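This report refers to the structure that appears directly beneath it.
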Amino acid sequence: MVKNSVLNSVPLDAEKYLAIQSTIIKCVHTLHISENIDEAINELLSIIADFYKADRGYIFEFDDDGIMMHNTYEWCKDGVEPAIELLANVKIADIDRWLRYFDEQGEFYINSLDDEVSEDSEEYRILALQGIECLMAAPLRMNGRLVGFIGVDNPRENTDTLLLMQSASAFVVNDICKRETVEERIIKSISKIYASMHLLNIPEDTQKELNSNKTIRRFLCRPENASAGLKTAMSEFADKDFLSGILSFVDFSTLNGRMADTNVISYEFLSSDGHWCRANFIVVSRADDNSLIHVIYAIQYIDREKRMELEYQRALKAALENQNEIYAEMLHIQKCGVIASNAESGKILMMNDAALRLFGREKPDGVYNDIFERIISDNKDEIRSELTRMNETLGSYDYEYAIEQADGELTYIISRARTAVLASGEKVMINSLMDITDKKKLEDELLVLSETDVLTGISNRRSGEAKIDELIAGGAKGMFCLLDIDKFKSINDNYGHTIGDKALIAVADCLKRSFRRSDVTMRLGGDEFASFAIGIGSEAQGAECINRFFAEVEKINIPEIGKGGISVSLGAVLFDGENDAEFDKIYAMADSAMYICKKNQGNYFSFHCGG
């Protein structure tokens, strides 16, 4: 091991010193002109690796628990196999020797793997697996604490100085602090709602604490096995009368089935310390086959909400046992909406102030059917049928719907309808209303996050295919287009992946401007995109739509490439809505048409013959 002090004692000639200073300035400039911290750090790694003529530049970050570290950023030169996924989870103990060097001398240089690292060590195995013969590394410290390191593999030039590595480590950690991950965005948006949140990796059966108060943290430990640990924690946290229900709710083995068609499921229970709680599973990401990958397990205190519900139930019981005047007065003071109507005639008997506000009414008059006609729901016929049935028999029914307010905004409501017989013998239907708009918006935001391509902002492959399959199954006619960027590999090779990403974003923006919001636009992966234009019934209509898209592509002006430097090849298939077809079949036809255009690159398109 060559110590840092030895390397830094070697005099630098003026030319090399200026080269280092110039590279440092370039690094600082890169970090501070970009609004995207991740892109900036990746560009910085490419600059550092180029200075040392290295195979890779990378950053490892340590977990707060001091047990695991993760390869969070990596740049590779052409022909070098990326190792970022291979090293996503590595034990910090495997590099104990490095930690000592970081503390004793700071930056260090291993100039020969075989000579300086024991072949029997885990360190040697990890390095040899990546084809590393030598490396340089520098510690990343935050408030005096070691939080990771930055390094390069197989450097071939400027190995006589660690000055650049030392300087880069001093300011790159500040920019790592600025980034906002998906986890942090989720925590920021919902941490005020939930007292405890854990991010679960279902396939790997692991968990990570995102947020937790002191009371819940006593029960929710950090086990290696998340599924077993969650059951143990809930066994201690839940009141014994709710134990069976909560253990069924947190059962990983049935979770995929229970969440196949929804992004949020909940269970209410009483905790062992006397609090009413609502446990929630919230989907963050799914695999292509719709199975769960990342799910948030969150616990919410609902003492106030539960108290209101229990007060309502007590008020209803007292009203049924006593006089209608008492019943009406007690319901009026409830903060959730309440509507009571005659079960046979539908005449509205009372609406409290909260219900009047929800439906924009000044007084409780008319019949319940007037209220019902204002609700918005895909299941409106089913709801109407159930409410009609309840007019004839005693029982209860829960349903959800939306109401459009005067300003055009939607308020989402969950309603519980009950039929009961008053002391007077009158049969009434009582609807309690709860505003769940905030919860619905959260579900919608999570759904958009799971269906969107992170880089371009259009649909990802899984959600795009699902939308097109749904249109095909519904008999929609239209035009399916498959396209990719001409010579995209050359763009990455000549200008770098950052410029390649700009090209991908620009083409996606052209698709959004050229197709309607009702059409489907998606990124299939790499530089391949697709769209489904609903209602296009002829090649003439299709050509007009495609040429409108090509006109947008020709306007793309990426400074590093220049205006007109981006072009695409496109294959199209017309679908009449009657033929038996599936996405894969239409994709194959469009692909064959696009292949023909590759012979004449530069915004060419072709329709599949007989499509």
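As the structure is a computational prediction, the values presented were derived from the model and not from experiment.
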**Report entry** side chain to side chain contact (heavy atoms under 4.5 Å, CB included) evaluation trace for M522 with L511
**Finding:** CA-CA 9 Å; M522 63 174 167; L511 284 170; over 6 Å; no
Query - Trace of the side chain to side chain contact (heavy atoms under 4.5 Å, CB included) decision for I202 with F252 - result: CA-CA 8 Å; I202 302 301; F252 274 28; 3.8 Å; yes
Query - Step-by-step side chain to side chain contact (heavy atoms under 4.5 Å, CB included) determination, D365 to M351 - result: CA-CA 9 Å; D365 56 4; M351 292 178 69; over 6 Å; no
Report task. Take H294 and L200 through the side chain to side chain contact (heavy atoms under 4.5 Å, CB included) test and state the conclusion after the steps. Result -> CA-CA 6 Å; H294 291 101; L200 310 177; over 6 Å; no
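Taking the side chain as every heavy atom from C-beta outward, K585 and V573 never approach each other to under 4.5 Å. Considering only heavy atoms from C-beta on, I282 stays 4.5 Å or farther from M197 through its side chain. Side-chain atoms of Q207 and L199, non-hydrogen and from C-beta on, never get closer than 4.5 Å to each other. At a threshold of 4.5 Å between non-hydrogen side-chain atoms, the residues L483 and V507 count as touching. Contact annotation: the side chain of L243 approaches that of S235 to within less than 4.5 Å [non-hydrogen atoms, C-beta and beyond]. The shortest side-chain heavy-atom distance between C277 and F237 falls under the 4.5 Å cut-off. Two residues are said to be in side-chain contact when any heavy atoms from C-beta on lie closer than 4.5 Å; E404 and I376 meet this criterion. For the pair L270/H275, no side-chain contact is recorded, criterion being any heavy-atom separation below 4.5 Å from C-beta on.
Checking side-chain atoms of N280 against main-chain N and O of V264 turns up no donor-acceptor pair under 3.5 Å. In this structure a side-chain-to-backbone donor-acceptor pair under 3.5 Å is present from S514 to C510. Proximity of a side-chain donor or acceptor of N352 to a complementary backbone N or O of V338 within less than 3.5 Å is detected. Looking at S341, its side chain never comes within 3.5 Å of a backbone N or O of V367 through a donor-acceptor pair. When atom types are taken as modelled, the side chain of T437 and the backbone of Y412 share a donor-acceptor pair closer than 3.5 angstrom. Formation of a donor-acceptor pair under 3.5 Å by the K380 side chain with backbone atoms of E373 is found in this model. At distances below 3.5 Å, at least one donor-acceptor pair connects side-chain atoms of R516 with backbone N or O atoms of I534. Counting only distance, with no hydrogens or angles, the side chain of Q405 and the backbone of L358 share a donor-acceptor pair below 3.5 Å. A donor-acceptor pair is defined here as one N or O able to donate and one able to accept, closer than 3.5 Å; no such pair exists between the side chain of D303 and the backbone of Y301. With hydrogens and angles disregarded, no donor-acceptor distance shorter than 3.5 Å links the side chain of S385 to the backbone of D381.
Taking CD1 from I41 and OH from Y73, the interatomic distance works out to 4.0 Å, rounded to the nearest 0.5 Å. For the atom pair Y368 OH and I339 CD1, the distance stands at 5.5 Å (nearest 0.5 Å). Rounded to the nearest 0.5 Å, atoms NZ (K231) and CG (N225) are 10.0 Å apart. Between the CE atom in M68 and the CG atom in D63 there is a gap of 7.5 Å [rounded to 0.5 Å]. Within the model, atoms OG of S271 and CD of E236 stand 13.0 Å from one another, a figure rounded to the nearest 0.5 Å. Going from atom OH of Y587 over to atom CG of L482 covers 5.0 Å, rounded to the nearest 0.5 Å.
Remark: the D205 side chain and the S227 side chain contain an N/O donor-acceptor pair separated by less than 3.5 Å. A donor and an acceptor atom, one from each side chain of S463 and N460, are located under 3.5 Å apart. E61 and T72 share a donor-acceptor pair across their side chains, judged by distance under 3.5 Å alone. No side-chain donor-acceptor contact under 3.5 Å links N379 and S377.
Of all the heavy atoms in A279 and I246, the pair that sits closest is CB-CD1, 4.1 Å. Contact record, C481 with A572: SG-CB, 4.2 Å, taken as the closest heavy-atom pair. In this structure, A417 and L387 approach most closely via the heavy-atom pair CB-CD2, 3.8 Å. What you find for G526 and L504 is that their closest heavy atoms are O-CD2, 3.5 Å. Across all their heavy atoms, I458 and A508 have their closest contact at CD1-CB, 4.1 Å. Closest approach of S415 and L433 over heavy atoms only: OG-CD2, 3.5 Å.
Contacts of F281 classified as ring pair (Phe, Tyr, Trp, His ring centres under 6.0 Å), with partners at least two apart in sequence or in another chain: F249, Y297. Under the ring pair (Phe, Tyr, Trp, His ring centres under 6.0 Å) criterion, F62 pairs with no residue, sequence neighbours left out. Residues meeting the ring pair (Phe, Tyr, Trp, His ring centres under 6.0 Å) test with F515, sequence neighbours left out: none.
D261 CG: 12 or fewer foreign heavy atoms inside a 6.0 Å radius.
When each of N431, I413, I414 is tested with Y399 by the rule side-chain contact (heavy atoms from CB on, under 4.5 Å), just one qualifies, namely N431.
Using a cut-off of 4.0 Å between Lys/Arg side-chain N and Asp/Glu carboxylate O, D398 and R416 are scored as salt-bridged. Look at K467 and E470 and you find no salt bridge, because none of the NZ, NE, NH1 or NH2 atoms lies under 4.0 Å from a carboxylate O.
Aromatic ring orientation, F359 versus Y401: tilted (interplanar angle from 30° to 60°).
Cation-pi check for R258 over Y267 is not met; the charged atom does not lie both under 6.0 angstrom from the ring centroid and within 45 degrees of its normal.
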